[in-house]
Amino acid sequence: MEAVVEGLWGLAEYHENRGEIGKAVKCLEAICQSQVSFFPIVEVKTRLRIATLLLHHSHNVNHAKSHLERSQLLLKSIPSCFELKCRAYSLLSLCYHLVGAIPPQKQVLYKGLDLTASAGKEISTKLWSCNFNSQLAKVLLIEGDYRGSISVLECGYVCATEVRSPELQMFFATSMLHVHLMQWNDDNMAELEQTVNKCNEIWESIQPDNRRQCPGLLFYNELLHIFYWMRLCDYKNAAPHVDNLDAAVKADRKQAQHMQELVKELSALDQSLSRSDLHYREKVALSEKQAMIQEQLRKMNGFSSIGRESLEPVYFGNGRRTLGDKLQLAPPPIDGEWLPKSAVYALVDLIVVIFGRPKGLFKECGKRIQSGMLLIQDELVKLGITDCVREVDLQHSSIWMAGVYLMLLIHFLENKVAIELTRAEFVEAQEALVQMKNWFMRFPTILQPCECIIEMLRGQYAHSVGCYNEASFHYIEAVKLTESKSMQAMCQVYAAVSYTCIGDAESTSQALDLIGPVYEVMDSFVGVREKTGVLFVYGLLLMKQQDIQEARNRLARGVQLTHTYLGNLQLISQYLTTLGSLALAMHDTVQAREILKSSLTLAKKLYDIPTQVWVLSVLTALYQELGETGNEMQNVEFQTKRSEDLQKRLADAQASIYHIEIIDKVRFEVQRLHEFDIKRAMAGPTVEVNLDIPESIGLSAPSHAPSSSRLVDIDGSNKRRGKRRI
């Protein structure tokens, strides 16, 4: 009977290599369904192989789970077989994760840890302990037990230290950094900083040759550092990591292409070696070349070259990926991949966009948005998400991975809307915003965190086209849709700008109501993004109250912070225009001219037509005060051209079928089905569906912001609500 088993195993492997997975599974199931009894270990190995095939190549998680549960029962009667028991526990844990069964998953992982604790101190035992600790940390993270997750990862780090593997130490250190970033609060800042330093120390301790063997760790470490510095609004320290990441993607793509060429060459060699008429010398030469290429591929494929097949991560059903198409974080048997390579590539494109957009690098941003969205759309099709597919149609095992790609897609569209609004390309902004809305309507539970972003962008669009009442409505709705204090603060800032632009006493009072509470706590936020927004609005309101000197102080502080930490050229331009207006109001014409020209230069670089019109109107007032008729006429001519261009763009936007839909003071209503199951599946293995990318939208230009000639004191005209001073 051993010959029968060996034959069926061999035939299954043959069919698997040919991509005939169904036939391979039937060969293996023939052993399990046989009338003849085999040794339990034979059945266990066969069922583990079936489960692995099903998880790699299908969505049939329950079938795989049944085979693994049967294997677990059989293994209870076998006193040894440590490796098989660990493999069964690990795969069964992944199955429970996919079906959303957290209690049995935790139970299986604790059994695995008990097994490794009683099995001695061999390296293989420690590695399996690392595997179970890694998976258990993810489970605890899903339950919101951040402290427990960190504790388990620390146990894994101790095991990695005991086996003297810096790469494994780095895996657990970066995982701890990830948890700290997700848990971000003032109480754990010191611990977070220590973890960042630990990651740096371990990474530096890994030999350069070994670093090249673990590109997944490089990407993971650099991305986490970028998220850390972005949260602190320290773009200067984040920039080198962005450059490293971008260079790593280019190098990895080049290597992947080379690997594919070698695979093709290897396939041709295999075909040549199969010829029966091959001479001995030719066969030796071809065999040597074959061995050389295989060794090249082994070295290039990083952790996969260790000789023992690693367990696939928990987004199954996509088929076995090609050689070099994984960014593994750790060697087998660790479940050590964070995201598939295509998602990481798209995320890097998104990071480059987030860093380039505030600097006005719109051409490069456009290329990256297109590149990232194409990658994502290809992957969504592989997951079965075509034009007609909705949330309820998804396989349970695809939901988490679909959530990652859909969230990335929304972030790309968010930045596209921001770029198009900055350039006054309102129709293009409409189209991108409607795309966001359509994706949200199809996947409302998966994209629920994006509802706030969509409402905020509706406010940005409405503000940009001069519909300030509608803009303020959508900003206030966005505040209600998020629990993020930072996001709430920014939306209140945006709403206050819109109320200020309406200009009447009631609206100004509403702006005061919104900005006052945020002003009081602006120093409590990590970084300066909220503070720069608050100081801008505060300065505008002080101008309206004729408190020119105090407004100037606040605005000067705000522009300094924006320039030093954020580098957001649009916000700097708006700050400078406001400061130029103040300088003119104080009859400091020399400084006013200098500031306004700087602002106009920035607005031109950004193709920001509304801000250009605003700056030009203030410059006209400056030239009138100075009596420079020639400059005034030239400036008015340019201002007229820009204004006519802006009015044409606004007319095109208002004529669009999407205009009313976007600005309408009603939230998009959707029906959410199977919400609990989908939310559970979205809680992925190592990262929330929201990839924790800081919101990147800047302040919209108040295209009709108060100039120095239109400053009004609201005290006398706001008697119904009493005198309001900041």
Side-chain angles (χ1 to χ4, degrees), residues 129-206 210-211 214-242 244-245 248 327-331 334-339 344 347 351 486 525-527 684-688 690-694:
S129 179
C130 288
N131 174 296
F132 297 131
N133 277 310
S134 170
Q135 293 198 60
L136 182 57
K138 298 166 194 173
V139 177
L140 295 172
L141 197 56
I142 290 169
E143 292 185 318
D145 185 359
Y146 295 106
R147 182 49 53 192
S149 182
I150 290 287
S151 178
V152 168
L153 289 170
E154 285 172 346
C155 292
Y157 182 83
V158 170
C159 285
T161 305
E162 289 173 354
V163 299
R164 298 180 181 179
S165 172
E167 292 85 357
L168 260 183
Q169 287 178 298
M170 189 67 186
F171 167 71
F172 283 104
T174 48
S175 297
M176 284 187 271
L177 175 56
H178 197 156
V179 177
H180 280 306
L181 288 173
M182 292 172 70
Q183 187 195 5
W184 189 291
N185 59 56
D186 292 339
D187 297 333
N188 76 334
M189 287 303 295
E191 198 173 349
L192 175 57
E193 192 174 342
Q194 288 173 5
T195 309
V196 171
N197 292 333
K198 179 186 281 188
C199 288
N200 293 335
E201 290 169 12
I202 299 171
W203 186 247
E204 289 301 318
S205 73
I206 301 175
N210 292 342
R211 283 188 215 164
C214 44
L217 278 177
L218 168 64
F219 282 100
Y220 193 38
N221 186 44
E222 294 292 350
L223 281 166
L224 292 175
H225 275 72
I226 289 168
F227 294 155
Y228 171 69
W229 291 116
M230 285 174 70
R231 274 294 192 90
L232 294 175
C233 289
D234 193 337
Y235 286 74
K236 184 177 180 181
N237 272 314
H241 295 284
V242 176
N244 291 344
L245 204 54
L327 289 171
Q328 287 177 283
L329 301 176
I334 309 301
D335 172 24
E337 188 180 37
W338 176 41
L339 293 172
V344 172
L347 184 52
I351 295 291
S486 171
F525 292 103
V526 176
T686 57
V687 61
E688 292 176 318
N690 186 341
L691 294 175
D692 206 19
I693 302 167

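The figures here come from the full heavy-atom set of this structure, side chains too, leaving out hydrogens, waters and symmetry mates.
Applying the salt bridge (charged side-chain N to carboxylate O under 4.0 Å, His left out) test to Glu193 and every residue at least two apart in sequence or in another chain returns nothing. With sequence neighbours excluded, the residues forming a side chain to side chain donor-acceptor pair (under 3.5 Å) with Asn237 are Asp234, listed by chain and number. Partners of Asn210 according to the side-chain contact (heavy atoms from CB on, under 4.5 Å) rule, which considers only residues two or more places apart in sequence or in another chain, are Glu167, Ile206, Gln207. Listed by chain and number, the residues in a side chain to side chain donor-acceptor pair (under 3.5 Å) with Gln194 amount to none (sequence neighbours excluded). Considering only residues two or more places apart in sequence or on other chains, Asn197 meets the side chain to side chain donor-acceptor pair (under 3.5 Å) condition with none of them. Listed by chain and number, the residues in a side chain to side chain donor-acceptor pair (under 3.5 Å) with Arg147 are Glu191 (sequence neighbours excluded). Scanning for ring-ring contact (aromatic ring centres under 6.0 Å, His included) contacts around His180 gives an empty result, with sequence neighbours left out.
Contact record, Arg231 with Val526: O-CG1, 3.4 Å, taken as the closest heavy-atom pair. Pairing each heavy atom of Phe171 with each of Ala330, the nearest pair is CG-CB, 3.9 Å. A pairwise comparison of heavy atoms in Ala238 and Ile226 identifies O-CG1, 4.3 Å as the closest pair.
In this structure the side chain of Tyr235 never reaches within 4.5 angstrom of the side chain of Val242, judged on heavy atoms. Proximity of Val179 to Met176: side-chain heavy atoms (C-beta onward) are nowhere separated by under 4.5 Å. Counting heavy atoms from C-beta outward, Trp229 and Lys236 have side chains that stay 4.5 Å or more apart. Using a 4.5 Å heavy-atom threshold, the side chains of Leu339 and Phe219 count as separate. Side chains of Ser205 and Glu201 form no contact here, defined as non-hydrogen atoms less than 4.5 Å apart. Looking at Thr174 and Ile202, their side chains never come closer than 4.5 Å, going by heavy atoms from C-beta outward.
With rounding to the nearest 0.5 angstrom, the CH2 atom of Trp184 is 14.0 Å from the OH atom of Tyr146. To the nearest 0.5 Å, atom CG of residue Leu192 and atom CG of residue Leu177 are 6.5 Å apart. Once rounded to the nearest 0.5 Å, the distance linking CD1 of Ile150 with OG of Ser175 reads 9.0 Å. Note that CG of Leu141 and CG of Leu136 are 11.0 Å apart. Values are rounded to the nearest 0.5 Å. Note that the CG atom of Leu181 and the NE2 atom of His225 stand 9.5 Å from one another [nearest 0.5 Å]. Rounding to the nearest 0.5 Å gives a distance of 14.0 Å between OH of Tyr220 and SG of Cys214.
Among pairs with a residue in residues 173-183, none fulfils salt bridge (Lys or Arg N to Asp or Glu O under 4.0 Å), at least two apart in sequence or across chains.
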Let me see the working for Asn200 and Glu204 under side-chain hydrogen bond (donor to acceptor under 3.5 Å, both in side chains), right down to the final yes or no.
-> CA-CA 6 Å; Asn200 293 335; Glu204 289 301 318; over 6 Å; no
Might you work through the side chain to side chain contact (heavy atoms under 4.5 Å, CB included) test for Leu245 and His241, ending with a clear yes or no?
-> CA-CA 6 Å; Leu245 204 54; His241 295 284; over 6 Å; no
Go through the steps to decide whether Asn244 and Leu218 satisfy the test side chain to side chain contact (heavy atoms under 4.5 Å, CB included), and finish with yes or no.
-> CA-CA 9 Å; Asn244 291 344; Leu218 168 64; 5.6 Å; no
Going through the checks in order, is the side chain to side chain contact (heavy atoms under 4.5 Å, CB included) test met by Val152 and Phe132?
-> CA-CA 9 Å; Val152 168; Phe132 297 131; over 6 Å; no
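In terms of modelled atom types and a separation under 3.5 Å, the side chain of Asn133 and the main chain of Ser129 share a donor-acceptor contact.
The aromatic rings of His178 and Trp338 sit perpendicular, their planes meeting at an angle over 60°, well past the 30° parallel limit.
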Pair up each side-chain donor or acceptor in residues 157-166 with any protein partner under 3.5 Å, not counting sequence neighbours, and list the distances.
residue, atom, partner, partner atom, Å
Thr161, OG1, Tyr157, O, 2.8
Thr161, OG1, Gln169, NE2, 2.9
Glu162, OE1, Lys126, NZ, 2.7
Ser165, OG, Leu168, N, 3.1

